[in-house]
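Counting from 1, the numbers follow the sequence of the chain as shown. What's counted below: heavy atoms across the whole structure, side chains too, no hydrogens, waters or symmetry copies. Keep in mind the model is a prediction, meaning the values are calculated, not measured.
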Amino acid sequence: MEGMKRIDRVLKYEGRIIDVYDDVMESPTGRIAHWDFVCHRKGAAAVVPVLDDGRILLVRQYRNAVERETIEIPAGSRNSVDEPWEFCAARELEEETGYKAGSLEFLISVASTVAFCNEVIEVYLATDLLPSEQHLDEDEFIRLEPYTLEELEDMIYHRKIQDAKTISAVMAYAVKAHKN
């Protein structure tokens, strides 16, 4: 809204990946409000890895925030704000799936939760996959699961996939695939 002005930003929590702030905002009428702001320091990249047979390789892993396993596209934070998005996407693909991309193409940019977070995830399409080796963090436990595009669309519409970056990426890929 035009006229909204941040008059202060107070750090409340400093984490490994995010910082949490209390933003003190002034409205056009002069009212003061406190808004939560989550700063994702480095941004992230994600990949839609398409196998030679057309299936899409997703990862199943436990997510603490929702207290259950989720099905997602491979993704992760950049190592620094200077790391090129494409390098991060290629690294995360290999780390989580054990594949390298013969071809990596930008697909879509996702601002994950604009109401309170500045995280941006750059999503790439990975094709011509080459077997390599997984490099999981010691606290990562991932199962790889290949799905057809139709299966993924069905899983989205039946609430089996609820992750925003995955939904956005799968739907963007579906549009691209249907155009070709």
Side-chain angles (χ1 to χ4, degrees), residues 15-18 38-66 68-113 117-156 160-180:
R16 291 181 315 133
I17 298 171
I18 62 162
V38 176
C39 177
H40 190 277
R41 288 192 218 113
K42 299 180 256 183
V47 184
V48 177
V50 181
L51 298 165
D52 288 343
D53 65 6
R55 292 180 301 158
I56 300 164
L57 194 57
L58 270 62
V59 296
R60 181 183 293 268
Q61 61 187 322
Y62 180 81
R63 292 299 197 178
N64 186 54
V66 293
R68 64 179 170 82
E69 284 188 337
T70 61
I71 301 169
E72 306 172 38
I73 57 175
S77 294
R78 294 191 299 170
N79 286 336
S80 72
V81 294
D82 298 324
E83 181 183 30
W85 300 100
E86 191 171 334
F87 289 4
C88 177
R91 186 188 69 250
E92 289 297 327
L93 172 65
E94 186 173 11
E95 284 179 6
E96 293 190 4
T97 70
Y99 283 93
K100 289 185 178 183
S103 175
L104 201 58
E105 171 190 351
F106 175 77
L107 182 63
I108 192 171
S109 183
V110 178
S112 61
T113 317
C117 184
N118 69 342
E119 180 185 44
V120 172
I121 304 170
E122 300 291 313
V123 182
Y124 290 81
L125 174 62
T127 55
D128 302 322
L129 301 181
L130 307 165
S132 182
E133 195 173 307
Q134 269 185 321
H135 303 283
L136 299 176
D137 295 335
E138 64 181 38
D139 63 345
E140 273 185 314
F141 302 95
I142 290 175
R143 286 196 320 267
L144 301 177
E145 299 180 355
Y147 295 97
T148 66
L149 183 54
E150 293 75 23
E151 288 172 324
L152 293 177
E153 289 172 320
D154 188 61
M155 292 167 73
I156 288 168
K160 292 180 181 168
I161 294 177
Q162 295 179 310
D163 175 62
K165 74 179 175 304
T166 301
I167 293 170
S168 300
V170 167
M171 295 312 215
Y173 175 66
V175 169
K176 182 177 182 67
H178 293 312
K179 284 184 178 179
N180 292 337

- Item | Spatial distance of atom CE (Met155) from atom CG (Leu58) [nearest 0.5 Å] | 7.5 Å
- Message: Let's go through Val59 and Leu144 carefully: what are the C-alpha distance in whole Å and the side-chain angles of both, what is the deciding distance for side-chain contact (heavy atoms from CB on, under 4.5 Å) to 0.1 Å, and is it a yes or a no?
- Response: CA-CA 5 Å; Val59 296; Leu144 301 177; 3.7 Å; yes
- Message: Using modelled atom types and a 3.5 Å cut-off, is there a donor and acceptor pairing between side-chain atoms of Thr70 and backbone atoms of Glu72?
- Response: no
- Item | Shortest non-hydrogen contact from Pro49 toward Leu93 | CB-CD1, 3.7 Å
- Stepwise side-chain contact (heavy atoms from CB on, under 4.5 Å) check, Thr166 with Ile71: CA-CA 8 Å; Thr166 301; Ile71 301 169; over 6 Å; no
- Query: Roughly how far apart are Lys42 NZ and Ile17 CD1, rounded to 0.5 Å?
  - Reply: 7.5 Å
- Item | Nearest heavy-atom neighbours spanning His40 and Asn118 | N-OD1, 2.7 Å
- Taking all non-hydrogen atoms of both residues, which atom of Ala46 and which atom of Ala89 are closest, and how far apart? O-CB, 4.1 Å
- How many angstroms lie between CD in Glu69 and CD1 in Ile142, if you round to the nearest 0.5 Å? 11.0 Å
- How many angstroms lie between SG in Cys117 and CD1 in Ile18, if you round to the nearest 0.5 Å? 7.5 Å
- If we only count heavy atoms from C-beta on, is the Val50 to Tyr173 side-chain gap below 4.5 Å? yes
- With the side chain counted from C-beta on, respond yes when Glu145 and Glu151 share a heavy-atom pair under 4.5 Å apart, and no when they do not. no
- May I ask you to decide if Arg60's main-chain N or O and Arg143's side chain share a donor-acceptor pair within less than 3.5 Å? no
- Note on the structure: Here the gap from Gln134 atom CD to Thr97 atom OG1, rounded to the nearest 0.5 Å, amounts to 7.0 Å
- Heavy-atom pair with the smallest gap, counting every atom of Ser168 and Ile108: O-CD1, 4.2 Å
- Item | CD on Glu92 to CD on Glu95, rounded to 0.5 Å | 4.5 Å
- Query: Any chance OH of Tyr62 has more than 12 other-residue heavy atoms, nucleotides or ligands included, within less than 6.0 Å?
  - Reply: yes
- Hey, does Val123 have a side-chain heavy atom less than 4.5 Å from the side chain of Val110? yes
- Under the 3.5 angstrom rule, does the side chain of Glu83 hit a backbone N or O of Asn79 as a donor-acceptor pair? yes
- Any ring pair (Phe, Tyr, Trp, His ring centres under 6.0 Å) involving residues 117-142? Give me the pairs, sequence neighbours left out, ordered by first then second residue. Phe106-Tyr124
- Item | Which atom of Cys88 lies closest to which atom of Gly76, heavy atoms considered | SG-O, 3.4 Å
- Here the salt bridge (charged side-chain N to carboxylate O under 4.0 Å, His left out) pairs for residues 121-133, sequence neighbours left out, are none
- Got Leu51 and Pro146 here, is their nearest side-chain heavy-atom distance under 4.5 Å? yes
- Query: Counting distance only, does the side-chain N/O of Arg78 pair as donor-acceptor with the main-chain N or O of Phe87 below 3.5 Å?
  - Reply: no
- Partners passing side chain to side chain donor-acceptor pair (under 3.5 Å) against Arg16 (at least two apart in sequence or in another chain): none
- Message: Tell me the closest heavy-atom pair linking Leu149 and Ala174, and the distance in Å.
- Response: CD2-CA, 3.7 Å
- Item | Among Thr127, Leu107, Leu152, the one residue meeting side chain to side chain contact (heavy atoms under 4.5 Å, CB included) with Val48 | Leu107
- Message: Could you check whether Glu119 pairs with Lys165 (Lys NZ or Arg NE/NH1/NH2 to Asp/Glu carboxylate O, under 4.0 Å)?
- Response: no
